[in-house]
Amino acid sequence: MFGARAWTGIHSESWRVREACAQAVLNFLEMPLPDKYLNGKSKKLFLASMEFTKICLDDKILSIFFIGLKILSTGLAPPVCGTDVSPAIVNKVLKEFSPILVEKIQELNFRAREISLHSLLSIFRHPAANVGILVILY
C-alpha cells in the first residue's frame, strides 16, 4: 500500500531512514486520501497502516515509537478506518496492540510512559472498541 521504498526504509539499519519513512507514512495518512481509498474502500489501507504501526512500535528509537503511536491513532480514525472496516477487525487490532503498549508503559521513561498510557486509553475510545480487551490485560 505504501510502496516498496517505505517498507525497505522502515527496515533500514539507519534510524534516520526509519524515522523519515515513518513520518512519510504518517503524512500520507493525515493528508486528504485519494479517491480510491474513500467510500468503503479503506480496509487494505487500514490493515497496511496497522502493520506499519507494529514495526514502528517495536523500534528502539523513541521518536519512531512516537510516530508509530500517531500512525495508530490516525489509522483508527476516519477516513482510514472507513465503513468497510468491521468492528471485529478493529477489536483484533486493539487486542494485538494492547499488550505492546502495556509492555512499553512498563519499560519507558516517565514522559514516554505517560504518552503511551494516554495512547492506550485513547484507542479504546473508538466506537467499535471492546473495553473487555483492556480489562483482560490487567
Side-chain angles (χ1 to χ4, degrees):
M1 294 300 295
F2 301 121
R5 287 187 180 183
W7 289 105
T8 303
I10 199 64
H11 290 97
S12 172
E13 290 185 21
S14 169
W15 69 269
R16 292 178 193 254
V17 173
R18 294 193 313 270
E19 183 178 32
C21 286
Q23 188 64 50
V25 168
L26 177 63
N27 292 344
F28 174 77
L29 294 175
E30 289 179 337
M31 292 179 7
L33 294 177
D35 291 338
K36 67 181 182 179
Y37 299 119
L38 301 176
N39 302 325
K41 299 178 184 173
S42 65
K43 184 177 178 181
K44 289 182 181 178
L45 179 63
F46 173 77
L47 293 173
S49 65
M50 294 301 110
E51 285 298 318
F52 203 87
T53 300
K54 283 183 202 173
I55 297 167
C56 291
L57 293 182
D58 284 339
D59 204 294
K60 302 231 184 282
I61 304 296
L62 204 53
S63 62
I64 298 170
F65 175 76
F66 287 147
I67 294 171
L69 290 176
K70 290 179 187 174
I71 293 172
L72 178 62
S73 63
T74 303
L76 286 170
V80 177
C81 185
T83 56
D84 61 331
V85 180
S86 70
I89 294 173
V90 172
N91 283 313
K92 180 182 176 197
V93 166
L94 294 179
K95 194 173 186 177
E96 290 176 14
F97 283 111
S98 298
I100 295 170
L101 290 174
V102 168
E103 180 181 324
K104 291 290 186 177
I105 290 169
Q106 295 171 353
E107 68 185 37
L108 295 174
N109 63 33
F110 179 75
R111 180 175 175 266
R113 187 178 328 152
E114 184 177 317
I115 292 170
S116 300
L117 181 60
H118 176 70
S119 297
L120 178 66
L121 296 176
S122 69
I123 64 174
F124 280 96
R125 290 188 185 130
H126 192 279
N130 180 3
V131 181
I133 296 169
L134 189 59
V135 173
I136 291 171
L137 287 174
Y138 297 104

CA sep, side-chain torsions, deciding dist, call: Cys21, Trp7, side chain to side chain contact (heavy atoms under 4.5 Å, CB included): CA-CA 8 Å; Cys21 286; Trp7 289 105; over 6 Å; no
Residues Glu114, Ile105; criterion side chain to side chain contact (heavy atoms under 4.5 Å, CB included); working and verdict: CA-CA 8 Å; Glu114 184 177 317; Ile105 290 169; over 6 Å; no
Whether Phe2 and Phe52 hold their rings parallel, tilted or perpendicular, with breakpoints at 30° and 60°: perpendicular
OG1-CG distance between Thr53 and Leu72, expressed to the nearest 0.5 angstrom: 5.5 Å
Derivation of the side chain to side chain contact (heavy atoms under 4.5 Å, CB included) call for Ser42 and Leu33: CA-CA 10 Å; Ser42 65; Leu33 294 177; 5.7 Å; no
Heavy-atom side-chain proximity of Phe66 to Cys56 below 4.5 angstrom: no
Heavy-atom check, side chain of Asn27 versus side chain of Gln23, under 4.5 Å: yes
Expected output: side-chain Ser116 to main-chain Lys104 donor-acceptor under 3.5 Å: no
Spacing of Tyr37 atom OH and Phe46 atom CZ [to the nearest 0.5 Å]: 15.0 Å
Gap separating the NZ atom of Lys43 from the OG atom of Ser86, nearest 0.5 angstrom: 6.5 Å
Residues, nucleotides or ligands: over 12 heavy atoms within 6.0 Å of Arg113 CZ: yes
Student check: side-chain heavy atoms of Leu101 and Leu69 closer than 4.5 Å: yes
Worked verdict on Lys95 versus Asn91 for side chain to side chain contact (heavy atoms under 4.5 Å, CB included): CA-CA 6 Å; Lys95 194 173 186 177; Asn91 283 313; over 6 Å; no
Donor-acceptor contact below 3.5 Å, side chain Ser12 vs main chain Val17: no
Which atom of Leu120 lies closest to which atom of Ser98, heavy atoms considered: CD1-CA, 4.0 Å
Residue pairs involving residues 56-82 (criterion salt bridge (Lys or Arg N to Asp or Glu O under 4.0 Å); sequence neighbours excluded): Arg18-Asp59
Asp35, CG atom: more than 12 neighbouring heavy atoms under 6.0 Å: no
Trace of the salt bridge (Lys or Arg N to Asp or Glu O under 4.0 Å) decision for Arg16 with Glu19: CA-CA 5 Å; Arg16 292 178 193 254; Glu19 183 178 32; over 6 Å; no
Whether Ser122 side chain and Ser119 backbone form a donor-acceptor pair below 3.5 Å: yes
Apart from Ile64 itself, residues in the same hydrophobic cluster as defined by side-chain heavy atoms under 4.5 Å: Trp15, Ile61
Any donor-acceptor pair under 3.5 Å from His126 side chain to Leu76 backbone: yes
Identified side chain to side chain contact (heavy atoms under 4.5 Å, CB included) partner of Met50 from the options Val93, Val85, Leu45: Val93
Interatomic distance, Leu62 atom CG to Ile115 atom CD1 [nearest 0.5 angstrom]: 7.5 Å
Residue pair Val102 / Gln106, side-chain heavy-atom distance below 4.5 Å: yes
NZ-NZ distance between Lys36 and Lys41, expressed to the nearest 0.5 angstrom: 11.0 Å
Sole residue of Leu26, Thr74, Val80, Val25 in side chain to side chain contact (heavy atoms under 4.5 Å, CB included) with Ser49: Val80
Asp84 side, atom CG; Lys44 side, atom NZ - distance, nearest 0.5 Å: 10.5 Å
